[in-house]
Amino acid sequence: MALLSPVEEAVIRALDNALILEQVRDWSAINSGTRNMVGVAAMAARLCDAFAVLPGEIVLVDPAPVSSVDANGAVSDLPHGQHFHLAVRPQAPVQMLFTGHMDTVYPADHPFQALAFREDGTLNGPGVADMKGGLALLLAALSAVETSPLAPRIGYEVVINSDEETGSFSSAALLARAARGKVAALTYEPALPDGTLAGARGGTGNFSIVVRGRSAHAGRNPEEGRNAIVAGADIAVRLSQIRSPTLAVNPARIDGGGPNNVVPDLAILRINFRPASADEIVRAQREIDRAVSDVAAAHDVTIELHGGFNRPPKPIDAGAARLFDLVKGAGADLGLAISWRATGGVCDGNNIAACGVPVVDTMGARGGAIHSSDEYLIVDSLAERAALSALTVLRIAEKGAL
């Protein structure tokens, strides 16, 4: 660590991989699938206890209302857990944002619940990489920064939401508020196994299109019916034809229908869009509106559109490039080769970048096979990545800007 200042070196030496791992194991033993309200509440309580070692005020923020369309076309409120929020030194001259999520993709009845160490030095378990490991090393990094004489120069907010895995619909407004006035943000999604970070990201939009037709006997008077399944399929075909290299379109499911001898009067089309640019969002929305209008007229049905584009694309603009370069430099001084590449995945980094804040959103542990029963954490990467975060924060505090 010859390239580190004495202050930086002291902070890095304070990091203990074994202690971080112990926290990961504790937190990963809690099932906090997004819809497991009991588990999410238990995880939120653990976070409040653990992050209480930091100065500042901790609040659990109630989720914003979110509605959902069920398989019968009914719209109802969707329950979500509370979101963790910590504010430290809001009057400090340099302000940063740190974000993560406490929820996982594994529900309470999922068979993947246990942790297991593997001979290759990895830990297999639900959420160990995505992102209990990231949360634990974030806390370790901030705790180490607080021991530095540079700490008074930097203030920050920490937002750990309970619904990132399902789109952050109930936490998007909280994230936007927390992003205001920040010079930079770090988010703790896992890095790739070799340490590669995510660079530019595309966006995403999810829609439920409810088609209501008219039932009739399929043999006696089918002409009096209005087939909602056919109309829904027509929308799916029309929208699938607007795809391009910069806009992926995935009609994923049609709910509805019934007995073979009844013209179906209800269909719900579920469809996902992946725009690579803001212009593609505009084009996609225009084509969605056109398809809905044209199909309603052609099939004599009524159509309700639910959903929207909840994750804007995240380009690498000048501010993001400066932040990546700072992280790369910090990595080099720690003996880490830091690189990044574009990805089709989305996360809260998309939302933060849309607020005009430079963000690196894969500052978490190295790991892989996320969202599967093979998910694993590279154990030795915990202190390594905590050091990368701590050094990045210290250098932003020292410079006062990117």
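Residues L326 and I396 are in side-chain contact: their nearest non-hydrogen atoms beyond the backbone lie under 4.5 Å apart. Annotation: side chain of V158 is not in contact with side chain of H85 (no heavy-atom distance under 4.5 Å). Here the side chains of E146 and L54 are in contact, with some heavy-atom distance below 4.5 Å. You'll find the side chain of Y156 stays beyond 4.5 Å of the side chain of Q95, heavy atoms only. Residues I303 and V301 have side chains in contact (heavy-atom distance under 4.5 Å, counting atoms from C-beta outward). Here the side chains of V327 and L388 are in contact, with some heavy-atom distance below 4.5 Å.
Residues passing the ring pair (Phe, Tyr, Trp, His ring centres under 6.0 Å) test with H306, sequence neighbours excluded: none. Here W27 pairs with nothing under the ring pair (Phe, Tyr, Trp, His ring centres under 6.0 Å) rule; sequence neighbours left out. T302 is linked by a side-chain contact (heavy atoms from CB on, under 4.5 Å) to R212, counting only residues two or more places apart in sequence or in another chain.
D163 and S171 form a side-chain donor-acceptor contact under 3.5 Å, judged by distance and modelled atom types alone. Looking at Y106 and S32, their side chains never bring a donor and an acceptor atom within 3.5 Å of each other. Using modelled atom types, one finds no donor on one side chain facing an acceptor on the other under 3.5 Å when comparing S168 with N351. Side-chain contact of N124 with D374: a donor-acceptor pair under 3.5 Å is absent, judged by distance alone. Side-chain contact annotation: N36 with N31, donor-acceptor N/O pair under 3.5 Å present. For S277 and D279, the side-chain atoms include no donor-acceptor pair closer than 3.5 Å. In this model, a donor atom of one side chain and an acceptor atom of the other lie less than 3.5 Å apart for H83 and S162.
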Working for salt bridge (Lys or Arg N to Asp or Glu O under 4.0 Å), residues R201 and E189
CA-CA 13 Å; R201 292 182 182 269; E189 296 292 343; over 6 Å; no

Passes salt bridge (Lys or Arg N to Asp or Glu O under 4.0 Å), E384 versus R366? Steps please.
CA-CA 9 Å; E384 166 197 300; R366 291 188 286 122; 3.0 Å; yes

Stepwise salt bridge (Lys or Arg N to Asp or Glu O under 4.0 Å) check, D333 with R395
CA-CA 12 Å; D333 290 347; R395 292 184 174 179; 2.8 Å; yes

Please determine whether side chain to side chain donor-acceptor pair (under 3.5 Å) holds for the pair H299 and D234, giving the CA-CA distance in whole Å, both sets of side-chain angles, and the decisive distance to 0.1 Å.
CA-CA 9 Å; H299 294 266; D234 191 1; 2.8 Å; yes

Could you go through R290 and E287, starting from their C-alpha distance and side-chain angles, then the distance that decides it, and tell me whether this counts as salt bridge (Lys or Arg N to Asp or Glu O under 4.0 Å)?
CA-CA 5 Å; R290 176 183 298 167; E287 295 296 339; 3.3 Å; yes

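R238 places no side-chain N or O within 3.5 Å of a backbone atom of I235 that could act as its donor or acceptor partner. A donor-acceptor pair under 3.5 Å links the side-chain atoms of H110 to the main chain of F112, judged by distance alone. The backbone N or O of D289 lies less than 3.5 Å from no partner atom in the side chain of S293, so there is not a single donor-acceptor pair. Checking side-chain atoms of E157 against main-chain N and O of F98 turns up no donor-acceptor pair under 3.5 Å. In this structure, the side chain of S389 does not engage the main chain of A386 through any donor-acceptor pair within 3.5 Å. Using a distance-only test at 3.5 Å, with no hydrogens or angles considered, a donor-acceptor pair links the side chain of S28 to the main chain of V24. Remark: the backbone N or O of G205 is paired with a side-chain donor or acceptor of N272 at under 3.5 angstrom. Between the side chain of T362 and the main chain of A198, a donor-acceptor pair closer than 3.5 Å is present.
Under 4.0 Å is where a charged nitrogen must lie from a carboxylate oxygen, and between E9 and R13 at least one such pair does. In summary, R35 and D103 do not engage in a salt bridge, as defined by a charged side-chain N under 4.0 Å from a carboxylate O.
The ring-ring contact (aromatic ring centres under 6.0 Å, His included) analysis of residues 360-402, with sequence neighbours excluded, yields no pairs.
In plain terms, the two heavy atoms of E280 and P275 that are nearest each other are CB-CB, 3.8 Å. Nearest heavy atoms, T187 versus I352: OG1-CD1, 3.6 Å. Residues R89 and P55 share a closest heavy-atom pair of NH1-CG, 3.8 Å. When all heavy atoms are compared, the tightest approach of P126 to A114 is CD-O, 3.6 Å. When all heavy atoms are compared, the tightest approach of R283 to S244 is NH2-OG, 3.5 Å.
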Report, one line per pair, each donor and acceptor closer than 3.5 Å where one atom sits in a side chain of residues 37-53; sequence neighbours left out.
unit_1	atom_1	unit_2	atom_2	d
R46	NE	D26	OD2	2.9
R46	NH2	D26	OD1	3.1

Show me the side-chain donor-acceptor pairs of residues 66-79 shorter than 3.5 Å, one per line, residues at least two apart or across chains.
unit_1	atom_1	unit_2	atom_2	d
D70	OD1	N72	N	2.8
D70	OD1	G73	N	3.0
D70	OD1	A74	N	2.9

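Considering CD1 of I160 and NE2 of H101, their distance stands at 10.5 Å, rounded to 0.5 Å.
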